[in-house]
Visitor: 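Pasting a structure below so you can have a look.
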Amino acid sequence: MDDQAMTAIPSENYGRNGRLSDTQRMIIEQRVTNEKPSAGAAYILCLLLGGLGVHRLYLGERGTGILMLILGITIVGMIITWPWALIDLFLIPSIIRKRMDETRQRLTIEAIA
């Protein structure tokens, strides 16, 4: 568990010793791993349907995914969305890490509540 996620939560909410137990942290990490989107699937979607933003919708980036979908259905929009999708090939790992961090923080808050 990274310290950044734990510092965002007041220490009096952690439990008896001020931290989550090892079992709680293990369960949280297992759930984070289970809920993580597949990088392979994201890359395949980006290569095949990248101009339509399907990979961003899969990764949970709804706003930009819908924007790419709307732009991608026009010829002029495809001029924008296909280079954007090529750039996304390099951004997919960071998007997945961000999603995992958000999930970890949400589950940590739920565990101490």
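Excluded from the calculations below are hydrogen atoms, water molecules and symmetry mates; all remaining heavy atoms, backbone and side chain alike, are included. Computed from a predicted model, the values in this text were never measured in an experiment. Residue numbers start at 1 and run along the sequence shown.
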Visitor: Which pair of non-hydrogen atoms, one from A42 and one from L59, has the smallest distance, and what is that distance?
Guide: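 Reported closest heavy-atom pair: CB-CD2, 3.9 Å.
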Visitor: Are the charged groups of D101 and K98 less than 4.0 angstrom apart, N to O?
Guide: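 Not counted as a salt bridge, because no side-chain N and carboxylate O are separated by less than 4.0 Å.
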Visitor: Distance from T33 atom OG1 to M100 atom CE, nearest 0.5 Å?
Guide: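 Reported to 0.5 Å precision, the distance equals 5.5 Å.
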Visitor: Heavy atoms only: give me the nearest A85-G51 pair and the separation to one decimal.
Guide: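 That closest heavy-atom pairing would be CB-N, 4.1 Å.
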Visitor: Do the side chains of E110 and R106 get close enough for a salt bridge, i.e. N-O under 4.0 angstrom?
Guide: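 Here E110 pairs with R106 in a salt bridge, since their nearest N and O are under 4.0 Å apart.
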Visitor: Could you report the tightest heavy-atom contact between I96 and S38, atom names first, then the distance?
Guide: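 Result for this residue pair: CD1-C, 4.5 Å.
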Visitor: Do the side chains of R104 and E29 get nearer than 4.5 Å, heavy atoms only?
Guide: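 Of all side-chain heavy-atom pairs linking R104 with E29, at least one is under 4.5 Å.
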Visitor: Answer with yes or no whether the hydrophobic clustering places L69 together with W82; edges join I, L, V, M, F, W, Y residues whose side-chain heavy atoms lie under 4.5 Å apart.
Guide: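 L69 does not cluster with W82.
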Visitor: Could you tell me the separation between the CD1 atom of I27 and the CG atom of D22, rounded to the nearest 0.5 Å?
Guide: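 I27 atom CD1 to D22 atom CG measures 11.0 Å (nearest 0.5 Å).
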Visitor: Check whether any side-chain heavy atom of L67 lies under 4.5 Å from a side-chain heavy atom of W84, and answer yes or no.
Guide: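 Yes, close enough: below the 4.5 Å cut-off.
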Visitor: Distance from K36 atom NZ to N34 atom CG, nearest 0.5 Å?
Guide: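 With rounding to 0.5 Å, NZ (K36) is 10.5 Å from CG (N34).
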Visitor: Do L49 and I80 sit in one hydrophobic cluster, given that two such residues count as connected whenever their side-chain heavy atoms are within less than 4.5 Å of each other, even indirectly?
Guide: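 Each belongs to a different hydrophobic cluster.
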Visitor: Is any side-chain heavy atom of Y58 closer than 4.5 Å to one of C46?
Guide: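 They are not in contact (no side-chain heavy atoms under 4.5 Å apart), so the answer is no.
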Visitor: Give the cluster check for I73 versus I66: same hydrophobic cluster or not, with ILVMFWY residues linked at side-chain heavy-atom distances below 4.5 Å.
Guide: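 No: no chain of side-chain contacts under 4.5 Å links I73 to I66.
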Visitor: Are M68 and D88 close enough that some pair of their side-chain heavy atoms sits under 4.5 Å apart?
Guide: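 M68 vs D88: side chains touch.
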Visitor: When hydrophobic residues are tied together by side-chain contacts of less than 4.5 Å, even through go-betweens, does I44 share a cluster with L86?
Guide: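 Yes: a chain of side-chain contacts under 4.5 Å links I44 to L86.
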Visitor: Find the distance between CE (M78) and CD1 (I75) and round it off to the nearest 0.5 Å.
Guide: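 Interatomic distance, M78 CE to I75 CD1, rounded to 0.5 Å: 6.0 Å.
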Visitor: How many angstroms lie between atom CD1 of I79 and atom OG1 of T74, to the nearest 0.5 angstrom?
Guide: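 I79 CD1 to T74 OG1: 8.5 Å, rounded to 0.5 Å.
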Visitor: Kindly indicate whether the side chain of I112, heavy atoms from C-beta on, has any atom under 4.5 Å from the side chain of L20.
Guide: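 The answer is yes; the side chains approach within 4.5 Å.
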Visitor: State, with a plain yes or no, whether a side-chain heavy atom of Q105 is found less than 4.5 Å away from one of I109.
Guide: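 In short, these two side chains touch, coming nearer than 4.5 Å.
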Visitor: Heavy atoms, side chains only, cut-off 4.5 Å: are L47 and L89 in contact?
Guide: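 Yes, close enough: below the 4.5 Å cut-off.
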Visitor: Compare every heavy atom of R99 with every heavy atom of P37, then report the nearest pair and how far apart it is.
Guide: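 Heavy-atom minimum between the residues: CG-NH1, 3.4 Å.
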Visitor: Atom OG1 of T103 and atom CD of E35: how far apart are they, to the nearest 0.5 Å?
Guide: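 T103 atom OG1 to E35 atom CD measures 5.5 Å (nearest 0.5 Å).
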Visitor: Can you hop from L57 to Y43 via hydrophobic side chains spaced under 4.5 Å?
Guide: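 No, L57 does not connect to Y43 through the hydrophobic network.
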